[in-house]
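Before any comments, here is the structure.
Here, residue 1 is the first one in the sequence, and each next residue gets the next number.
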Amino acid sequence: MSRHVAIVTDSTAYLPQRTMERHGITAVPLTVVLGDRALEEGTEISTRSLALALQKRRSVTTSRPSPQVFAETYRRIAESGATGIVSLHLSAELSGTHDAAVLAAREATVPVRVVDTGMIAMALGFCALSAAGMAEAGGTVDEAVAAAEKRAAGTSAFFYVDTLDYLRRGGRIGAAQALFGSALAVKPLLQLDGGRIEPLEKVRTASRAIARLEELAAGRAGDARVDIAVHHLAAPDRASALADRLRARVPGLGELHVSEVGAVIGAHTGPGLLGVVVSAR
């Protein structure tokens with residue numbers, strides 16, 4: 001990380017560890033509160049443990065990193081020789097993570113630009129990778145921010161969930177919106193819009209909803225050069241099958257990532273989540 005711009009994101013980007021190491025990206029963990037235990041995402045709670053807790057209807061909440069955690073991260077990176085830091089985070093509409101980073105940035109010993117990407121999951125991860133690519137090419141802080149913002153502008157995210165109850169409980173979707181998917185046998189499709197999770201369509205069955213998710217992703221990709229991520233929670237077979245179909249349907253496909261979301265997003269979506277991120281290069 002020495003002598004160049006360093007990239008920081010948070011654990012909800014769900015970038016593979018090897019990828020972060022290869023590009024020098026640092027991820028600050030959010031926290032999952034399970035009962036009376038506060039556990040760091042990615043190291044102290046597994047998605048399997050989370051899914052079991054949700055199925056047993058145990059109390060599960062999430063919490064942003066503290067400004068002190070960000071301040072220590074920025075200090076460590078500055079001491080390693082970085083001349084500037086770009087700190088890219090999940091939508092401020094969904095978490096206070098961005099605000100905590102802003103507070104810490106004021107005290108940093110090198111310039112820190114904190115960016116609300118308006119994204120979540122690999123929609124955020126792709127932004128971090130674009131910023132890291134610019135930094136690796138010798139770009140400035142401003143150029144790395146611009147690369148991330150351009151990537152965000154060309155990224156869409158669509159989600160299928162079995163129920164909107166988890167999003168409603170966590171305050172990530174309103175009670176009126178939750179009624180969107182409350183009818184018997186109606187399965188909701190959601191999208192990321194303006195940094196918020198918004199209802200998109202209602203579909204009668206899970207199989208039709210997943211087929212529609214595929215159509216939305218393929219339509220968004222078109223013939224453009226895109227990277228795609230397929231996310232799931234406790235639905236690996238569904239995710240793998242969807243990824244295979246998209247691989248066959250998207251002519252301009254670059255990278256294709258298939259991964260289970262971590263505990264923070266999983267806590268708000270519940271088991272059965274299936275999501276697709278389409279990101280123009």
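Qualifying salt bridge (Lys or Arg N to Asp or Glu O under 4.0 Å) partners for Asp142, counting only residues two or more places apart in sequence or in other chains: Arg113. Not counting sequence neighbours, the partners of Glu143 by the side-chain contact (heavy atoms from CB on, under 4.5 Å) test are Met134, Thr140. For Arg18, there are no side-chain contact (heavy atoms from CB on, under 4.5 Å) partners, not counting sequence neighbours.
Distance check: Cys127 SG to Ile7 CD1 gives 11.5 Å after rounding to the nearest 0.5 Å. In this structure, CD1 on Ile210 lies 5.5 Å from OH on Tyr160, to the nearest 0.5 angstrom. Once rounded to the nearest 0.5 Å, the distance linking CG of Leu90 with CG of Leu124 reads 6.5 Å. In this structure, CZ on Arg212 lies 13.5 Å from OG1 on Thr205, to the nearest 0.5 angstrom. Rounded to the nearest 0.5 Å, atoms CD (Glu41) and OG (Ser63) are 12.0 Å apart. With rounding to the nearest 0.5 Å, the separation of OH in Tyr74 from CD1 in Ile85 is 7.0 Å.
Of the possible polar contacts, none joining the Ser11 side chain to the Ala27 backbone as a donor-acceptor pair under 3.5 Å is found. With Asp10 contributing its side chain and Leu30 its backbone, the two residues share no donor-acceptor pair below 3.5 Å. At least one donor-acceptor pair under 3.5 Å links the side chain of Thr117 to the backbone N or O of His89.
Residues Ala144 and Ala131 come closest through the heavy atom pair O-CB, 3.6 Å. When all heavy atoms of Ala209 and Lys187 are compared, the pair lying nearest together is CB-CB, 4.1 Å. When all heavy atoms of Ala100 and Ser66 are compared, the pair lying nearest together is CB-C, 4.3 Å. In this structure, Val114 and Ala105 approach most closely via the heavy-atom pair CG2-CB, 3.8 Å. The minimum heavy-atom distance linking Met122 with Ala229 is given by the pair CB-CB, 3.5 Å. The two residues Gly195 and Leu94 have their closest heavy-atom pair at O-CG, 3.6 Å.
For the pair Ile228/Val226, a side-chain contact is recorded, criterion being any heavy-atom separation below 4.5 Å from C-beta on. Inter-residue side-chain proximity for Thr31 and Pro65 is flagged as unmet; no heavy-atom pair is nearer than 4.5 Å. Between Val115 and Leu88, some side-chain heavy-atom pair lies under the 4.5 Å cut-off. Side-chain atoms of Val161 and Pro188, non-hydrogen and from C-beta on, do get closer than 4.5 Å to each other.
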Problem - From CA spacing to verdict: side chain to side chain contact (heavy atoms under 4.5 Å, CB included), Phe126, Met119 - result: CA-CA 10 Å; Phe126 286 132; Met119 300 284 114; over 6 Å; no
Exercise for the section: Verify side chain to side chain contact (heavy atoms under 4.5 Å, CB included) between Ser91 and Asp116, making sure each step is shown before the conclusion. Expected result: CA-CA 6 Å; Ser91 172; Asp116 172 13; 4.3 Å; yes
Problem - Verdict with supporting geometry, Ile120 and Thr12, side chain to side chain contact (heavy atoms under 4.5 Å, CB included) - result: CA-CA 7 Å; Ile120 54 174; Thr12 68; 5.6 Å; no
Handout entry: Evaluation steps, side chain to side chain contact (heavy atoms under 4.5 Å, CB included), between Glu107 and Phe70
Key = CA-CA 10 Å; Glu107 309 301 325; Phe70 275 111; over 6 Å; no
Handout entry: Residue pair Gln68, Glu72: steps toward the side-chain hydrogen bond (donor to acceptor under 3.5 Å, both in side chains) verdict
Key = CA-CA 6 Å; Gln68 291 75 20; Glu72 174 58 25; over 6 Å; no
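Among Arg22, Glu21, His23, the single residue meeting the side-chain contact (heavy atoms from CB on, under 4.5 Å) criterion with Ile25 is His23.
No salt bridge links Arg208 with Glu215; every basic N to acidic carboxylate O contact stays at or beyond 4.0 Å.
Val33 and Leu233 end up in different hydrophobic clusters when Ile, Leu, Val, Met, Phe, Trp and Tyr side chains are linked at under 4.5 Å.
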Side chains of residues 272-281: which donor-acceptor partners sit under 3.5 Å, not counting sequence neighbours?
from: Ser279; atom 1: OG; to: Arg151; atom 2: NE; distance (Å): 2.5
from: Ser279; atom 1: OG; to: Thr155; atom 2: OG1; distance (Å): 2.8
from: Arg281; atom 1: NE; to: Asp227; atom 2: OD1; distance (Å): 2.8
from: Arg281; atom 1: NE; to: Asp227; atom 2: OD2; distance (Å): 3.2
from: Arg281; atom 1: NH2; to: Asp227; atom 2: OD1; distance (Å): 2.9

Could you pull out all donor-acceptor pairs under 3.5 Å where a side-chain atom in residues 254-264 meets a protein atom, sequence neighbours excluded?
from: Glu255; atom 1: OE1; to: His257; atom 2: NE2; distance (Å): 2.9
from: Ser259; atom 1: OG; to: His231; atom 2: ND1; distance (Å): 3.1
from: Glu260; atom 1: OE1; to: Thr47; atom 2: OG1; distance (Å): 2.9
from: Glu260; atom 1: OE2; to: Ala234; atom 2: N; distance (Å): 2.9

Would you tabulate the side-chain donor-acceptor contacts of residues 238-248 under 3.5 Å, counting partners in other chains and residues two or more places apart, or write 'none'?
from: Asp244; atom 1: OD1; to: Arg247; atom 2: NH1; distance (Å): 2.8
from: Arg245; atom 1: NE; to: Glu214; atom 2: OE1; distance (Å): 2.6

